[in-house]
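All ligand and atom numbering here is 1-based and tracks the order in the structure. Basis for what follows: all heavy atoms, side chains included, without hydrogens, waters or symmetry-related copies.
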Amino acid sequence: MKKDDCIFCKIANGEIPSTTIYEDDDFRVFFDIAPASKGHCLIVPKEHFDNVFEMNEETAGKLFVLATKVARSLKKELNLEGLNIVQNNGTIAGQTVFHFHMHMIPRYTGDTVNVGWKPGEADMEELSKLAKKVGDNIL
Ligand code: 5GP
Ligand code: ZN
């Protein structure tokens, strides 16, 4: 299912050009137009999902299989030393394009990529209660 006025629906389905690395029936992988580092690319499903909360299981399963293959190919071709896989959901989490996409960001010594957070302190009692509640919602 495509969504009108969604740029990644148009790119994924070939209506708008992109520097495509790989394409199959379900996904297009293309280079990010404003790369964080050399080789920064996006894995985008052809079907429209706003974010991870909406994605179906079949697509989700295929997605990570493809991600491992893209990661290995980037590693083989580029002299990368590491790779961040980043996937933003919601404005507060940094999402700017509201069609699910997974960032593959190669890492090199001295690069300017910034993916991080300040480690907090765990309240073990609260965490065990939360673990039960969240766990119970996972079917
Ligand atoms: P987000 O912030 O939603 O996680 O990531 C959106 C990404 O899409 C950004 O890294 C941005 O550079 C990239 N992007 C936005 N528009 C286009 C486009 O038209 N073509 C390509 N190749 N990348 C885009
Ligand atoms: Zn879309």
List the atom of Val113, the atom of Ala36, and the distance in Å for their closest heavy-atom pair. CG2-O, 3.5 Å
Phe8 and ligand 1 - part of the residue with a heavy-atom distance under 4.0 Å: side chain
Do side-chain atoms of Glu15 reach the backbone of Lys10 as a donor and acceptor pair under 3.5 angstrom? no
Determine whether the aromatic ring centres of Phe49 and Phe8 lie less than 6.0 Å apart. no
Looking at Lys75 and Glu81, is there a salt bridge between them, counting it only when a charged N and a carboxylate O are closer than 4.0 Å? no
Go through it in stages, so that I can follow the logic: the residues are Ser37 and Tyr108, the test is side-chain contact (heavy atoms from CB on, under 4.5 Å), and I'd like the CA-CA distance, side-chain angles, deciding distance and then a yes or no. CA-CA 8 Å; Ser37 66; Tyr108 310 92; 4.0 Å; yes
Look at atom 22 (N) of ligand 1 and say which protein heavy atom is nearest, naming residue and atom and giving the distance to 0.1 Å. Phe31 O, 2.9 Å
Ring-ring centroid check His103 His101, cutoff 6.0 Å: yes
Under 4.0 Å, heavy-atom basis, I'd like to know which part of Phe30 is in contact with ligand 1: side chain, backbone, both or neither. side chain
Which residue owns the protein heavy atom closest to atom 1 (P) of ligand 1, what's the atom, and how far is it? His101 NE2, 3.1 Å
Could you pull out the atom name of the N/O/S atom in His48 that is nearest the Zn ion (ligand 2)? ND1
Sidechain N-carboxylate O distance under 4.0 Å for Glu23, Arg28: yes
Should Ile11 be listed as contacting ligand 1, given a heavy-atom distance under 4.0 Å as the test? yes
Sidechain N-carboxylate O distance under 4.0 Å for Lys3, Asp50: yes
Lys/Arg-Asp/Glu bridge criterion (N-O < 4.0 Å) met for Lys62, Asp26: yes
For atom 3 (O) of ligand 1, which protein heavy atom lies nearest, and how many Å away is it? Thr96 N, 2.7 Å
Heavy atoms only: which of Ile7, Val97, Asp32 is nearest to atom 19 (O) of ligand 1? Ile7
Applying a strict 4.0 Å limit to heavy atoms, is Gly94 in contact with ligand 1? yes
Identify, by name, the N, O or S atom of His99 lying closest to the Zn ion (ligand 2). ND1
Which one holds for Gln87 and ligand 1: side chain close, backbone close, both close, or neither close, with close meaning a heavy atom under 4.0 Å? neither
If the cut-off is 4.0 Å to any non-hydrogen atom of Ala34, which atoms of ligand 1 fall inside it? 12 (O)
Measure Ile33 to ligand 1 on non-hydrogen atoms and call it side chain, backbone, both or neither using the 4.0 Å cut-off. both
Show which atoms of ligand 1 fall inside a sub-4.0 Å distance from at least one heavy-atom site of Gln95. 3 (O)
Any chance you could lay out the side-chain hydrogen bond (donor to acceptor under 3.5 Å, both in side chains) test for Glu47 and Thr59, step after step, and finish with the verdict? CA-CA 9 Å; Glu47 190 171 342; Thr59 309; 4.6 Å; no
Enumerated ligand 1 atoms positioned under 4.0 Å from heavy atoms of His103: 1 (P), 4 (O), 5 (O), 7 (C), 10 (O)
